2 protein chains.
Amino acid sequence: MDAIKNMVKERLELHGIKPSMQRMAVMEYLMTHRTHPTAEMIFADLYPEMPTLSKATVYNTLNLLVERGVVRLITIEEKNARFDACMDPHIHFRCRQCGAILDVNVEAHWIPAMPSGVSVEMSETYCIGYCAECNSKRVN
Amino acid sequence: MDAIKNMVKERLELHGIKPSMQRMAVMEYLMTHRTHPTAEMIFADLYPEMPTLSKATVYNTLNLLVERGVVRLITIEEKNARFDACMDPHIHFRCRQCGAILDVNVEAHWIPAMPSGVSVEMSETYCIGYCAECNSKRVN
DNA sequence: ATCCATTTTTAGAATTATTCCATTTTTGTT
DNA sequence: AACAAAAATGGAATAATTCTAAAAATGGAT
């Protein structure tokens, strides 16, 4: 019936994760909110509809999803970890002024030549500067 | 006399930072320890020789150095901020097993095309995987 | 259906990196 | 020496995340 819920379920099972209600909820949230939310944001938004949801479960689930490579952990902001369910190649940009985190699509991710013997499992690139809107308001 | 202390002093003054004892100590530490230390590590190592040093000062100094673009803040590890006084283009690699953080030199840093209006002040790339040593010990 | 083992969730306490705050010390200038 | 401004200090406060021990849910096997 619900196409999204099916995709969520499949994606979890594909990575060997049992699709419990809570895990489905967190995963669905990430797939439908491309806002790079923090654990706190996810919890706050899910809580009204799942009043017995625990913050620990949100953290447990996010950690599991990251470990299994289902979602990306973004450390572009020192304070909070942020999460992204989009695994297509893209990088992140954070505006120094308004704090917005934007996706920037790239054809493929840049992985420089590594010293021999080193194997790379994943790489992340992020940029920091001023977004178009904040730039236009800036005094020079 | 002390060539390093002079470099440290110059580098601070070049960025408009008054070279106090404490700031010199932190900056010298970063320039002579290419280990991407945490604030805690810097404090712990400096403390024996500067018993009145405060952790707050180490944090204040590191924040100032990062703001002024004298050192790089590295967020490759979720738990702690790490710092790097080397501003030459290079990226960081973290070994998932032993936790070592290595520099990987690159000719120039990769900055993908940004949406129009966006200005980029800095960018960071990091990779995570297994270092040569840990790789050789891994079971397949 | 029922029992049991395993997995998952839960609430709250604990941990810990970092920031904040009010005071003291240091520095530089008249 | 006196004073204002800047920097450093110690300890309390904050807040994100993890830990812990108990409760709930799940999934066979009988």
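Computed from a predicted model, the values in this text were never measured in an experiment.
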- Query: Atom CG of B:Asn80 to atom C1' of D:dA16: distance rounded to whole Å?
  - Reply: 13 Å
- Donor-acceptor pair, side chain of B:Arg94 and main chain of B:Cys127, under 3.5 angstrom: no
- Query: What is the nucleic acid contact for A:Ser20, judged by heavy atoms within less than 4.0 Å: base, sugar-phosphate only, or nothing?
  - Reply: sugar-phosphate
- Item | Residue mapping more 5' on DNA chain D - nearest nucleotide basis, B:Leu53 or A:Arg82 | B:Leu53
- Considering just the side-chain nitrogens and oxygens of A:Gln22, establish if one lies under 4.0 Å of OP1 or OP2 belonging to D:dA25. no
- Comparing B:Lys79 with B:Thr61, nearest DNA chain D nucleotide closer to 5' gives the residue B:Thr61
- Item | Options C:dT18, D:dT9, C:dT10, nucleotide nearest the side-chain atoms of B:Ala39 | C:dT18
- What is the distance, rounded to the nearest whole Å, between atom CD of B:Glu67 and atom P of D:dA7? 12 Å
- Message: Working to the nearest 0.5 angstrom, can you tell me the gap between B:Ser119 OG and A:Arg96 CZ?
- Response: 9.5 Å
- When rounded to the nearest 0.5 angstrom, what distance separates CD in B:Glu124 from CD1 in B:Ile74? 6.0 Å
- Query: B:Ile17 has an atom CD1; how far is it from atom P of D:dA7, in whole Å?
  - Reply: 10 Å
- Note on the structure: Rounded to whole Å, CG of B:Asn63 lies from C1' of C:dA17 at a distance of 12 Å
- Between B:Thr75 and B:Tyr126, do the side chains contain an N or O donor and an N or O acceptor separated by less than 3.5 Å? no
- How close or far is atom P of D:dT14 from atom CD of A:Glu40, stated in whole angstroms? 16 Å
- So what does A:Asn60 touch, heavy atoms closer than 4.0 Å: a base, only the sugar-phosphate, or nothing? base
Can you tabulate the close N/O pairs, meaning under 3.5 Å, that link protein atoms to atoms of nucleotides 24-30 of chain C?
none

- Task: Just jot down the salt bridge (charged side-chain N to carboxylate O under 4.0 Å, His left out) partners of B:Asp45, sequence neighbours excluded, or say none.
- Result: none
- Item | B:Met87 atom CE, over 12 foreign heavy atoms within 6.0 Å | yes
- Task: Give the rounded distance in Å between these two atoms: CG of A:Leu62 and C1' of D:dA16.
- Result: 13 Å
- Message: Rounded to whole Å, how long is the line connecting atom OH of B:Tyr59 with atom P of C:dC20?
- Response: 13 Å
- To the nearest angstrom, the CD-P distance between B:Glu78 and D:dA15 comes to 22 Å
- Message: Looking at the base of D:dA8, is there any donor atom on it, or on the side chain of B:Ser54, that sits under 3.5 Å from an acceptor on the other one?
- Response: no
- Message: Classify the ring geometry of A:His92 against A:His90: parallel below 30°, tilted from 30° to 60°, perpendicular beyond 60°.
- Response: perpendicular
- Message: Using a 4.0 Å heavy-atom cut-off, does B:Thr38 contact any base of the nucleic acid, only the sugar-phosphate backbone, or nothing at all?
- Response: nothing
- Closest to the B:Ala56 side chain, choosing from C:dT10, D:dG11, C:dT8: D:dG11
- Item | Residue B:Thr57, side-chain heavy atoms: nucleotide from C:dT10, D:dT18, D:dA8 that is nearest | D:dA8
- Under the side-chain contact (heavy atoms from CB on, under 4.5 Å) rule, what do B:Phe83 and B:Val26 come out as? Steps first, then yes or no, please. CA-CA 11 Å; B:Phe83 299 89; B:Val26 170; over 6 Å; no
